[in-house]
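Reading through the structure tokens given below for one structure.
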Amino acid sequence: EKDTIFLYWSGHGFRGDDGESYFAVPNTPHPEFGEPGRTQNLAISSRALIEVALSFGFGRIVLIIDACHSTGAYFENFHEAFSAELATHTMEPSVVLFGSSRSREASLEIGEGVFTRSLIDSIQDRSRTDTDQDGVLSLEEVYNQVKFRTLSRVRRVNRIQTPIVKRFNFFGDFIFI
């Protein structure tokens, strides 16, 4: 009941015709060139990602998503969306979403994924990230450092990309290391 599932997605994301976020897999045609509806049918919706995470029955779910529109329509109404999904489950897990960008923002690649690079650098640079110097990297500490690093990197190319954290029934902290 207290076990944690950690899902990390790094790839292409797009907003579907329904406004929901979708995550592309290798056979997903590009949304601008694919047939209407077909592109969405060959991608993973944010709703499906949540349903898969819930199906495992873990007490805590941590989703880290590095994709354009990673906190799309489904995640924008996070509490309402999860309340609806949880109505069909016997337990109420704690969920945290750590997304690389807001719902209407791209997640940039400047030689590599800016968010993923910022996340790796933040975890590796413990002395800067562990602001309270307690020897552990909390979600809040990692988020603050990832946001700072991401914003700094994308400003160099005059773009905006804002990492975001959303919680549902998630009390306490998630410790990275």
Side-chain angles (χ1 to χ4, degrees), residues 2-15 21-26 43-46 48-50 52-54 56 58-79 81-82 93-177:
K2 296 292 182 187
D3 288 340
T4 301
I5 184 170
F6 181 92
L7 299 174
Y8 186 92
W9 175 274
S10 181
H12 296 289
F14 62 93
R15 288 178 70 89
S21 288
Y22 287 83
F23 306 109
V25 294
I44 300 168
S45 71
S46 54
L49 187 62
I50 296 302
V52 167
L54 289 170
F56 287 104
F58 288 92
R60 295 173 60 151
I61 300 169
V62 177
L63 301 170
I64 298 183
I65 302 173
D66 186 357
C68 293
H69 316 291
S70 63
T71 56
Y74 189 63
F75 294 130
E76 284 176 352
N77 300 313
F78 200 68
H79 295 280
F82 273 99
S94 300
V95 181
V96 65
L97 166 68
F98 192 174
S100 62
S101 62
R102 292 184 176 157
S103 63
R104 298 192 182 274
E105 293 176 347
S107 291
L108 301 180
E109 291 187 22
I110 304 173
E112 60 190 333
V114 172
F115 173 82
T116 295
R117 172 48 49 203
S118 296
L119 178 61
I120 291 167
D121 289 349
S122 296
I123 292 171
Q124 289 178 339
D125 189 358
R126 296 181 68 85
S127 63
R128 180 169 290 174
T129 304
D130 186 10
T131 55
D132 62 7
Q133 301 300 305
D134 65 354
V136 296
L137 299 180
S138 69
L139 174 64
E140 196 67 30
E141 289 171 323
V142 171
Y143 167 70
N144 288 334
Q145 191 60 221
V146 167
K147 184 176 179 182
F148 172 78
R149 289 173 187 261
T150 299
L151 291 171
S152 296
R153 287 178 168 135
V154 300
R155 279 189 193 122
R156 293 181 203 146
V157 293
N158 295 320
R159 299 288 298 274
I160 297 172
Q161 177 182 337
T162 312
I164 193 163
V165 169
K166 294 190 177 192
R167 300 167 187 253
F168 177 83
N169 196 34
F170 198 94
F171 304 103
D173 211 341
F174 176 77
I175 304 301
F176 277 85
I177 294 178

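Numbering starts at 1 and runs along the sequence shown.
Counted by atom type alone, S101 and S107 present one or more donor-acceptor pairs between their side chains at under 3.5 Å.
Partners of N158 according to the side-chain contact (heavy atoms from CB on, under 4.5 Å) rule, which considers only residues two or more places apart in sequence or in another chain, do not exist here. With sequence neighbours excluded, the residues forming a salt bridge (charged side-chain N to carboxylate O under 4.0 Å, His left out) with R153 are D121, listed by chain and number.
The shortest side-chain heavy-atom distance between I160 and V154 does not fall under the 4.5 Å cut-off. For the pair R149/D125, a side-chain contact is recorded, criterion being any heavy-atom separation below 4.5 Å from C-beta on. Taking the side chain as every heavy atom from C-beta outward, V96 and L139 approach each other to under 4.5 Å. Side-chain contact between I64 and F6: present, with at least one pair of heavy atoms (C-beta onward) separated by less than 4.5 Å. In this structure the side chain of F168 never reaches within 4.5 angstrom of the side chain of L97, judged on heavy atoms.
Between the side chain of Q161 and the backbone N or O of S100, at least one donor-acceptor pair lies under 3.5 Å. Checking side-chain atoms of R128 against main-chain N and O of S122 turns up no donor-acceptor pair under 3.5 Å.
Within 6.0 Å of the CD1 atom in I110, the count of heavy atoms belonging to other residues, nucleotides or ligands exceeds 12.
The ring pair (Phe, Tyr, Trp, His ring centres under 6.0 Å) pairs that include a residue from residues 118-156 are F98-Y143, where partners are two or more places apart or lie in different chains.
The CD atom of Q145 lies 11.0 Å from the CG atom of D130; values are rounded to the nearest 0.5 Å.
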